[in-house]
Amino acid sequence: MGKSRGHRVVDQWLESKNWVWASFQKKAAAAYLAGASGMVNAPTGSGKTYALWLPILIRHINAPKTRKGLQVLWVTPLRALSKDLHRNMELACLEMNLQWEVGIRTGDTHSQDRLRQKKRMPDTLIITPESLHQLFSQKNASTTFKNVHTVVIDEWHELMGTKRGTQMELALSRLRAINPLLQTWGISATIGNLDQARQVLIGPQANLEDTVLIKASHKKRLKVRTILPQKIETLPWSGYMGIKLVDQVVEVVQQHRTTLVFTNTRSQTEIWYRTILERYPEFAGIMALHHGSLDREIRDWVEDALHQERLKLVICTSSLDLGVDFRPVEAVVQVGSPKSIARFVQRAGRSGHQPGATSTIYFCPTNALELIEAVSLRDGVERNVLEDRPPVMQAYDVLAQWMLTLAVGDGFQERTLYEEVKRTFAYQLMSRTEWEWLIGYVSTGSSSLQVYDEYKKVELVDGVYQVLSRKVALRHRLSMGTIVSESSLKVKLQQGRYLGQVEESFVTRLKPGDVFFFGGMSVEFLRLHEMTVMVKKATAKKGMLVRWAGGRMPLSSQLSAFIRQRLAEAQANPSKEKEFTKLAPLLELQARRSLIPDANTLLIEQGETREGYHIFIYPFEGRLVHEGMAILLAYRLSRLSPITFTVAMNDYGFELLSDQYVDVAALLEEHALFSTDHLVDDIYQSVNATEMARRKFREIAAISGLMFQGYPGKYQKARHLQASASLLFTVMSKYEDRNLLIQQAYQEVLTYQVEEQRMRVALTRIAAQQIRIMKIAKPTPLAFPIMVDRLREQLTSEKLEDRIDKMLQQYSHEN
DNA sequence: GACCTGCTGCGGTATG
């Protein structure tokens with residue numbers, strides 16, 4: 001069999017580049033050219049883009065030469081990725097002398113380019129999910145997409161677990177309705193539920209066996225090393241900044257060409273940067289920091305400098321998790337718990353980007369107990385355990401937005417769209433009643449809002465649901481997408497550049513003259529000018545640290561399981577791992593004052609201090625489950641006899657504090673405190689559920705179009721937004737029985753706030769475990785950090801220090 | 001003198 005002209009062109013091109021087409025790339029190409037859909041699973045830097053890009057070109061070369069407009073959509077979750085991709089794709093076309101135009105359509109595409117695209121679409125469009133939806137909100141959208149035969153979704157693992165993934169599912173279903181032969185391909189890093197990822201991509205009714213999974217065979221070698229502290233505290237309380245080990249981290253940095261130091265929070269990057277600069281002034285100029293609140297220009301500069309090998313060290317948050325390959329990076333340091341094995345591996349992969357090179361990651365614990373995590377991470381990496389990314393199900397806010405998007409564009413027919421939506425993974429279980437509620441919602445704003453005209457958005461004309469009002473259409477286009485951010489203020493040097501963003505709550509505490517540390521420099525607050533925080537460079541070195549109110553990631557269940565297994569082993573066999581040896585004094589104290597739980601034991605500690613009566617429980621299930629369990633237990637105990645608790649938790653356990661003594665042992669004999677019966681009811685009955693749902697509702701209201709977030713550039717106060725979301729929540733809960741969006745808020749509390757599924761599994765495990773209740777005279781090493789955490793919420797930092805000092809004096813001696 | 005908690009991502013006003 002002779003090769004087609006397309007194959008020959010590509011072969012010649014590969015030859016001229018002196019480049020081998022790897023076997024996984026060949027497999028992907030063959031499957032694609034045979035008309036299949038599927039997924040490519042390969043690490044970054046392995047050339048997975050070309051695995052699909054080259055066959056797309058082959059197909060084009062062999063196809064008849066008629067103008068067809070848009071034919072290929074290449075979806076990327078990151079704008080930053082699109083430029084690199086564009087360059088590589090165009091270069092390939094150019095070198096092969098092909099007439100094939102690649103365009104970019106993202107938020108920063110110039111308006112003239114957009115207009116040009118509108119008139120004449122390029123053959124391939126690199127696009128974000130949000131911009132794709134923008135295209136669907138234009139008139140003639142179905143004409144735009146009528147010749148699209150291929151959609152490639154890059155970093156699908158990253159999108160799938162989020163509402164952006166749901167957006168993608170909806171768009172795919174629409175594209176398949178336009179062209180039933182559409183070929184869908186995902187590109188994904190390795191995750192636990194790889195098959196499910198593929199199913200979500202192709203839709204629930206499609207047969208998984210008809211699609212292809214292409215795996216790159218070469219495995220990335222990964223070395224994990226722990227940075228060990230000289231000595232540890234037996235009562236670990238010292239925060240989670242890890243700065244104590246800075247000298248040892250700098251030692252690592254000095255041994256490598258370029259190092260990335262990953263931290264868990266933005267303020268942590270700032271403090272590490274400042275500390276290193278103070279102690280090692282020679283790093284000035286060859287060290288940078290990178291996090292999500294720094295101005296885009298600054299971040300771009302850092303990324304460029306990394307490429308050009310001008311930096312020895314970059315301190316960053318997950319803002320550098322993904323995307324661009326930084327070849328010069330030789331080593332990665334993870335400061336503090338990465339919370340999941342998959343994230344740890346992902347970050348490790350930022351180093352050693354050459355094919356065949358080994359990635360090296362150093363784990364720097366910020367707290368004595370994290371030494372157990374170090375061993376557990378190594379376990380996870382060795383056994384190749386990776387967490388799942390469960391897809392988002394039944395997010396009605398996203399669906400409502402999609403209905404409006406289509407109504408703003410070409411309009412939709414109710415029956416057809418219903419069938420189409422049911423063919424997505426996310427909405428496969430949606431009932432006809434629920435759908436009808438949504439139709440009502442977009443046309444009248446639901447029964448509780450019927451009297452208000454502004455919620456009547458969609459009108460039915462000749463069987464087609466459409467948005468006729470220009471104002472409604474404009475407002476909708478301005479507020480598309482599923483990312484709802486805190487409202488923030490820009491920070492600008494008085495006569496100079498923008499530094500980045502801080503949150504409103506931080507600024508309200510500032511007085512003119514106050515010094516804070518931001519973007520790697522000391523700045524003095526001057527004034528608030530047109531919603532911009534004006535600052536100048538400060539002479540004073542010390543200053544406040546900016547704080548952002550971000551999300552709190554819990555420890556993954558996979559990592560938790562390893563920790564539960566390893567804890568008892570650390571005591572039984574302290575010389576087995578060097579981390580265990582270090583931990584020995586702490587574990588001895590734990591064993592002396594209480595006991596060290598093994599994997600079959602649930603430890604409960606009870607004690608009394610001047611603060612009151614403490615109950616500590618250690619399921620080792622991550623802080624969200626602990627929050628849920630604390631609420632649950634507090635509720636169940638209070639039903640037995642009136643009592644109130646203050647709750648606190650961390651990733652290992654939680655505390656119930658009260659001014660009354662509770663005989664836990666006796667109560668456990670008679671009552672199933674840890675039972676899964678009536679679990680959801682009991683959580684909803686507890687005081688916090690409504691408040692939690694109310695907070696969740698803010699995001700739902702924004703996505704579903706209930707709440708206009710304001711015109712771009714125009715500032716809207718966070719308090720105002722919160723207030724109107726809260727008002728809507730009250731009205732809708734009160735006057736409507738079955739409001740889908742309110743129900744969704746409660747559902748999200750269960751799924752994401754208290755991790756109901758995981759809690760059930762944990763409770764079931766506890767039911768089979770032996771429960772050991774220990775009376776303690778003094779707080780144990782496991783209890784102490786939870787107590788400190790509770791105080792941290794109540795006290796200012798100076799007061800907290802005094803308090804901790806006293807506590808340490810009181811509790812650290814013998815027994 | 002030691003200590004500072006809490007990720008990321010996108011989009012956007014303008015016609016016949």
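Protein chains get the first letters and strands the later ones, always in sequence-line order, with residue 1 at the start of each. Owing to the predicted nature of the structure, the values given are computational and were not obtained by experimental measurement.
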Does this structure show an ion pair linking [X] with [Y], if we count only N-O contacts that are shorter than 4.0 Å?
| X | Y | result |
| --- | --- | --- |
| A:E233 | A:K244 | yes |
| A:D514 | A:R509 | no |
| A:R695 | A:E748 | no |

With a 4.0 Å cutoff (strictly under), does any side-chain N or O of [X] reach OP1 or OP2 of [N]?
| X | N | answer |
| --- | --- | --- |
| A:R266 | B:dC7 | yes |
| A:R164 | B:dT8 | no |
| A:S131 | B:dC10 | no |
| A:R299 | B:dT8 | no |
| A:T317 | B:dT8 | yes |
| A:R792 | B:dT5 | yes |
| A:S267 | B:dG6 | yes |
| A:T128 | B:dG11 | yes |
| A:R105 | B:dG12 | yes |
| A:K163 | B:dG9 | no |

Any residue meeting side chain to side chain donor-acceptor pair (under 3.5 Å) with [X], in chain and number order, not counting sequence neighbours:
| X | answer |
| --- | --- |
| A:H476 | A:T405 |
| A:D154 | none |
| A:T317 | A:S319 |

Interface polar pairs with nucleotides 13-16 of chain B, N/O, under 3.5 angstrom:
unit_1	atom_1	unit_2	atom_2	d
B:dT13	O4	A:P712	O	2.7

Return the value, rounded to whole Å, for the distance between atom [atom1] of [X] and atom [atom2] of [N].
| X | N | atom1 | atom2 | value |
| --- | --- | --- | --- | --- |
| A:K244 | B:dA2 | NZ | C1' | 9 Å |
| A:E503 | B:dC7 | CD | C1' | 12 Å |
| A:R343 | B:dG6 | CZ | C1' | 12 Å |
| A:E158 | B:dG9 | CD | P | 10 Å |

Practice problem: For A:G292, report the nucleic acid contact type (base, sugar-phosphate, nothing); a contact means any heavy atom under 4.0 Å. | Solution: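 Sugar-phosphate only.
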
Practice problem: Could you check whether A:Q134 gets within reach of a base, just the sugar-phosphate, or nothing at all, counting any heavy atom under 4.0 Å? | Solution: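 Since only primed, P, OP1 and OP2 atoms lie under 4.0 Å of A:Q134, the category is sugar-phosphate.
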
Side chain of [X], heavy atoms from C-beta onward: which of [options] has the nearest atom to it?
| X | options | answer |
| --- | --- | --- |
| A:R274 | B:dC4, B:dG12, B:dC10 | B:dC4 |
| A:M553 | B:dG11, B:dG12, B:dC7 | B:dC7 |
| A:R547 | B:dC10, B:dG12, B:dT5 | B:dT5 |
| A:S485 | B:dT5, B:dC10, B:dG12 | B:dC10 |
| A:T265 | B:dC7, B:dG11, B:dT8 | B:dC7 |

Quiz item: By salt bridge (charged side-chain N to carboxylate O under 4.0 Å, His left out), which residues pair with A:K83, not counting sequence neighbours?
Solution: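 Result, salt bridge (charged side-chain N to carboxylate O under 4.0 Å, His left out) vs A:K83: A:D108.
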
Exercise. Quick one: list whatever passes salt bridge (charged side-chain N to carboxylate O under 4.0 Å, His left out) with A:R698, sequence neighbours left out.
Key: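 A:R698 satisfies salt bridge (charged side-chain N to carboxylate O under 4.0 Å, His left out) with A:E486 only.
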
